[in-house]
Structures are given as C-alpha cells and as structure tokens.
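Read the numbers this way: they start at 1 and go in the same order the structure lists the ligands and their atoms.
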Amino acid sequence: MLITPLPIAGAALLTTERRGDTRGSFGRWYGEDELGDWLGGQHIVQINHSFSARQGTVRGLHFQHAPQAELKIVRCLSGQVWDVFLDLRHGSPTFMQWHAEWLDGQHDRALLIPPGCAHGFQTQSDAVQMLYLHTAFYTPELEGAVRYNDPRAAIAWPLPITELSARDQANPLLSPDFDGITL
Ligand SMILES: Cc1cn([C@H]2C[C@H](O)[C@@H](COP(=O)(O)OP(=O)(O)O[C@H]3O[C@H](C)C(=O)[C@H](O)[C@H]3O)O2)c(=O)[nH]c1=O
C-alpha cells in the first residue's frame, strides 16, 4: 500500500496493488498493520456501502461528533466520484480547508479521512457504488453535517447537482463565529 499524505493533516491517499492473472485480479485493500499510526490506535468497526444511480448526485457532507468522531476510509467500487472532505477541527492549521480527489472503480485508490472532517462526494457517472470503513459506530444523535452550498466551505462541486437528500438540503449553515469542533 502506498500512503500519500494530503494537505489536510492526518489525511492520506491510499493506493493499493492489483495482482492480475488469467482468472482476473486480486488486491489487498486494507491492512491495519500497513496503516499503523495513521489509524491513531483506532480500529474499523463498521463498513457501509452506498449506491447512487445518477450522475451529479451529492451525498454529505457528514461527520460525527466526539466521542463517536470517526476516521473513514472511502473507496469507489464502480463509476466515478469527486470525493471531498472539509477540516472542521478547532485549532487545525487547515481549519475550514477542503481537499478533493477523483476516485473510481478502476483505480485502486482510497481516501483516509481523519476524525473531525466532514465528508461528501458528487458522482461523476451513473451507477456509483461507494465503500466506507468507519472506526466508530453510526450514532445519529452525534451526527453533524455541513450544507453542500455553505459559503464558509465554498465547495466547488464539478457538476450541477442532480440529486440531494431532503436532509442534506436542510443541513444547517455554519455560523459566522463557528471556530471548529473539539475531538
Ligand atoms: C451512515 C449511516 C446511515 N444509516 C441510515 C440513515 C438513513 O436512514 C439511511 C441513509 O443515511 P444517509 O442519508 O446519512 O446516507 P448518505 O447521505 O449516503 O450519507 C453517507 O454518505 C456520506 C458521504 C458519508 O460520509 C457518511 O458516511 C454517510 O452518512 O441510512 C444507517 O443506518 N447507518 C449508517 O451508518
């Protein structure tokens, strides 16, 4: 696994190998031993999957508050996404900065997103499947969100948005004096 640090502290692009043979291919996608300190002593406890039918769909941006703040590893299984995360950590040198990567089902790349960052993506094709590895259990009462068009985040979605959940449409805007979440 190649671990490439990203401009947001604690985030990385994970590139894994795909060993091909006459049957097809095999890849080791995750190894706690390979990630070591990047996991900060946390372990994967929940794995999720989503399917988005239509190009232009936006999901997010979501995060969980402490004590269920979670590290996420996200990978695209089919189709293509523009995957983005926003640093909400109080005191972080990259507070309120976002970073995005193109992920797709053909290239073995995944994003490691540290706790305290809100995550979202926009599909760039139809029929997108995403895999999410989480280090905390889903805890609705500790879920937080940033609205897709929050001017303080200024996320530059590549395409016009075609699908957005009612909940994500109604996500609150960050107050002008929001100075981050504590973990
Ligand atoms: C996350 C989650 C959700 N749910 C339920 C809650 C809703 O009834 C339904 C769909 O949830 P939601 O609308 O939050 O799904 P997305 O909008 O795709 O959000 C996800 O995608 C964005 C980009 C993320 O980063 C989050 O990991 C995740 O929240 O599944 C569960 O039952 N368990 C879970 O772990």
Side-chain angles (χ1 to χ4, degrees), residues 6 8 10-14 29-30 35 38-40 42-89 92 94 96-105 109-150 153-174 180-181 183:
L6 293 172
I8 306 289
L13 181 68
L14 310 179
W29 277 6
Y30 178 82
L35 285 166
W38 284 94
L39 292 173
Q42 303 177 79
H43 306 280
I44 299 300
V45 297
Q46 184 173 324
I47 295 177
N48 291 336
H49 169 268
S50 70
F51 170 77
S52 304
R54 204 169 156 206
Q55 181 187 46
T57 298
V58 165
R59 293 178 183 258
L61 293 99
H62 303 155
F63 66 96
Q64 290 199 159
H65 290 280
Q68 291 296 333
E70 57 185 345
L71 179 147
K72 282 180 199 167
I73 293 175
V74 298
R75 182 183 278 256
C76 181
L77 300 178
S78 63
Q80 184 187 36
V81 299
W82 186 76
D83 199 278
V84 62
F85 57 97
L86 172 69
D87 189 350
L88 296 174
R89 294 168 292 188
S92 168
T94 51
M96 287 311 291
Q97 290 182 29
W98 56 265
H99 180 82
E101 293 285 339
W102 302 96
L103 302 176
D104 63 52
R109 295 159 21 116
L111 271 179
L112 185 151
I113 301 166
C117 290
H119 171 247
F121 64 85
Q122 183 180 39
T123 61
Q124 304 299 300
S125 68
D126 292 340
V128 164
Q129 294 187 67
M130 292 295 287
L131 187 73
Y132 316 70
L133 281 58
H134 300 259
T135 61
F137 294 111
Y138 175 57
T139 313
E141 61 271 22
L142 290 174
E143 257 207 315
V146 174
R147 198 158 79 187
Y148 69 100
N149 61 354
D150 193 308
I155 307 286
W157 303 106
L159 296 174
I161 296 174
T162 56
E163 296 282 349
L164 192 66
S165 69
R167 190 189 75 151
D168 282 343
Q169 288 181 47
N171 286 330
L173 293 177
L174 296 170
I181 61 174
L183 297 176

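- The distance from ligand 1 to the heavy atoms of His119 drops below 4.0 Å at these ligand atoms: 23 (C), 24 (C), 25 (O).
- Atom CG of residue Asp168 and atom OH of residue Tyr148 lie 10.0 Å apart, to the nearest 0.5 angstrom.
- When Glu70, His49, Gln122, Arg59 are checked for heavy-atom proximity to atom 16 (P) of ligand 1, Arg59 turns out nearest.
- The shortest contact between atom 12 (P) of ligand 1 and any protein heavy atom is with Arg167 NH2, 4.3 Å.
- Distance check for atom 9 (C) of ligand 1: every protein heavy atom is found at 4.0 Å or beyond.
- Of all protein heavy atoms, the one closest to atom 35 (O) of ligand 1 is Gln46 NE2, 2.8 Å.
- In this structure, Met130 falls outside the shell of residues with a heavy atom less than 4.0 angstrom from ligand 1.
- For atom 34 (C) of ligand 1, the closest non-hydrogen atom on the protein side is Tyr138 CG, 3.2 Å.
- Side-chain atoms of Glu101 and His99 include a donor-acceptor pair closer than 3.5 Å.
- If you look at Asn48 next to ligand 1, the close heavy atoms, those under 4.0 Å, all belong to the side chain.
- The nearest heavy-atom contact from the protein to atom 19 (O) of ligand 1 is His62 ND1, 3.1 Å.
- With sequence neighbours excluded, the residues forming a side chain to side chain contact (heavy atoms under 4.5 Å, CB included) with Gln68 are Gln64, Ala136, Thr139, Leu142, listed by chain and number.
- If you look at Lys72 next to ligand 1, the close heavy atoms, those under 4.0 Å, all belong to the side chain.
- Taking the six-membered ring for Trp and thresholds of 30 and 60 degrees, Tyr132 and His119 have ring planes more than 60 degrees apart, a perpendicular arrangement.
- Remark: Ile47 engages Ile44, Leu131, Leu133 in a side chain to side chain contact (heavy atoms under 4.5 Å, CB included) (not counting sequence neighbours).
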